[in-house]
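Have a look at the structure below before the remarks.
To find a chain, count down the sequence lines: A is the first, B the second, and so on, and within it residues start at 1.
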There are 2 protein chains.
Amino acid sequence: MADIGARDGSSRDKILEVAEALYARRGFAGVGMREVAEAAGLGKSSLFHHFRSKVQLYLAVLERVLGRIDERLGAALASGDAPAAKLDRWTDALVDALAEQPASARLLLRALFEDEQFDTEEWPEGQAVDQRVESLLAGISRLLEEGMRAGAFRRASTPHVVQTLIGAAIYHFASGELGETLLGGPLLSAEAVRTRKAEMKAFFHEGLAARPAQSRSGDDG
Amino acid sequence: MADIGARDGSSRDKILEVAEALYARRGFAGVGMREVAEAAGLGKSSLFHHFRSKVQLYLAVLERVLGRIDERLGAALASGDAPAAKLDRWTDALVDALAEQPASARLLLRALFEDEQFDTEEWPEGQAVDQRVESLLAGISRLLEEGMRAGAFRRASTPHVVQTLIGAAIYHFASGELGETLLGGPLLSAEAVRTRKAEMKAFFHEGLAARPAQSRSGDDG
DNA sequence: GTCTATATCACGATAGAC
DNA sequence: GTCTATCGTGATATAGAC
């Protein structure tokens with residue numbers, strides 16, 4: 001019962017795809033079911049056949065985006081590398097995930113606010129969303145604590161570092177026009193994505209303060 | 001300024017105050033004029049007497065929030081201190097501003113997306129908003145570049161550092177329930193605010209990597 | 001599974017009395 | 001400046017034919 005219609009995803013997937021883009025652009029309240037239906041090439045009532053309510057559709061979109069990101073980040077953490085190298089991989093994976101699905105950063109930031117409008121525990125899709133978030137935070141938190149114990153990272157508040165890492169990545173890719181004005185170019189070009197990774201990793205490794213000449217490892221691309 | 005009836009701000013200020021809280025919680029599309037009016041103790045038509053349209057009200061709320069923040073940050077940059085100390089003050093001021101007005105972080109993040117729904121240049125309030133943002137970004141950018149020239153900061157991409165600073169602050173205070181779960185306590189208590197300032201400044205100064213006291217062997221800790 | 005209605009309600013905005 | 005009443009539109013969601 002839990003996976004009805006999972007095999008025939010032709011309409012369902014199309015709906016999730018167009019809804020993701022629309023919700024990212026104008027948010028939960030700003031997108032009507034009629035608009036989603038038309039963008040998916042369906043009548044409004046057909047859309048209600050696939051998703052019983054607007055909330056359910058929204059949560060399903062969220063879960064799909066979070067699932068993609070969580071899988072990538074989990075893979076980045078699965079290697080046997082040293083903590084600092086793992087954090088670099090995690091950063092690369094997060095930036096890649098956000099950049100490859102341009103809607104995701106905005107969708108997730110919006111979700112931060114909008115899921116307070118309804119109770120996520122009321123819907124099965126909402127519980128899946130909560131689990132994905134928990135998995136994501138637990139993964140990076142575990143890495144940071146391992147790294148501190150091993151002496152690779154300085155002693156800091158793990159939750160605060162997590163907040164800083166996520167904020168630095170997600171805000172950047174959600175900043176849209178404002179960010180592009182600041183950068184003087186696109187946010188999502190291959191070059192801009194490469195630069196963002198390098199700048200973030202340099203920040204994590206060195207902070208901002210100038211330092212006397214010191215040995216460093218290189219960065220990837 | 002060019003405002004009519006600015007002397008009697010009793011209704012107008014009340015409207016802006018309640019609208020700020022509502023827009024922060026549910027966004028532009030999610031809050032109706034009727035709800036704003038009732039929260040301000042007015043009828044809907046009376047609200048339309050003070051603000052000719054919903055867009056105008058929204059932009060006025062935004063401008064007020066940005067104005068408060070821009071003034072604080074400007075003051076932090078006005079001192080004659082060294083760049084690193086100025087950046088610390090700027091960080092303190094940004095964190096204080098976001099923490100003292102709990103709605104502001106969410107409101108500003110939402111505005112990142114939502115002002116693409118209408119043309120800010122079409123309304124005088126929108127132009128004021130754009131000017132505030134420009135002033136804010138120019139201020140911190142100037143400080144960073146001065147600091148790099150003076151050798152206080154390492155050479156980095158100024159716009160990327162700006163994105164990281166803003167993202168680290170604004171995401172944290174907009175993260176709401178999720179952030180409080182992660183922190184295991186409130187985001188806005190005096191202690192939590194103090195901690196956030198310290199963690200952010202430590203990150204800017206040192207990054208995350210442990211700094212070897214003598215050599216890079218990684219055996220300390 | 002998709003469709004054409006339709007029910008019910010809230011939206012932004014306006015008119016005009018007081 | 002605040003109110004009641006209303007216009008026109010579009011929202012979520014349902015009923016039921018095919």
List in chain and number order the residues that pass side chain to side chain contact (heavy atoms under 4.5 Å, CB included) with [X], two or more places apart in sequence or in another chain; answer none if no residue qualifies.
X: B:Ala85; result: B:Asp81
X: B:Ser189; result: B:Pro186, B:Glu191, B:Ala192
X: A:Glu35; result: A:Leu22, A:Arg26, A:Val31
X: B:Ala76; result: B:Arg89, B:Ala93

task = Name all residues meeting the salt bridge (charged side-chain N to carboxylate O under 4.0 Å, His left out) criterion together with B:Asp92; count only those two or more places apart in sequence or in a different chain, and write none if there are none.
result =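 With neighbours one apart ignored, the set is B:Lys201.
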ask   = What residues in residues 46-55 of chain A put a non-hydrogen atom under 4.0 Å from any atom of DNA chain C?
value =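 Residues of residues 46-55 of chain A that come under 4.0 Å of DNA chain C are, in numerical order, A:Ser46, A:His49, A:His50.
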task = For A:Arg132 and A:Asp70, indicate whether the former's side chain and the latter's backbone hold a donor-acceptor pair under 3.5 Å.
result =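 Checked: no pair found.
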message = Within the 4.0 Å limit for protein heavy atoms, which parts of nucleotides 5-10 of chain D are touched? Write it as a string from 5' to 3', B for base, S for sugar-phosphate only, - for none.
response = B-----
query = Can you name the residues that form a side chain to side chain donor-acceptor pair (under 3.5 Å) with B:Gln127, not counting sequence neighbours?
reply =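 Counting only residues at least two positions away or on another chain, B:Gln127 forms no side chain to side chain donor-acceptor pair (under 3.5 Å).
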key: Results of side chain to side chain donor-acceptor pair (under 3.5 Å) for A:Glu100 - residues two or more places apart only   =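 Result, side chain to side chain donor-acceptor pair (under 3.5 Å) vs A:Glu100: A:Arg72.
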ask   = Which pairs, with at least one residue in residues 118-137 of chain B and sequence neighbours excluded, count as a ring-ring contact (aromatic ring centres under 6.0 Å, His included)?
value =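 The answer is B:Phe28-B:Phe118, B:Tyr58-B:Phe118.
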query = In residues 15-33 of chain A, which residues come under 4.0 Å of DNA chain D by heavy atom?
reply =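 Residues of residues 15-33 of chain A under 4.0 Å from DNA chain D: A:Val31, A:Gly32, A:Met33.
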ask   = Does anything in residues 117-127 of chain A reach DNA chain D, meaning a heavy atom under 4.0 Å, and if so which residues?
value =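 Result for residues 117-127 of chain A: none.
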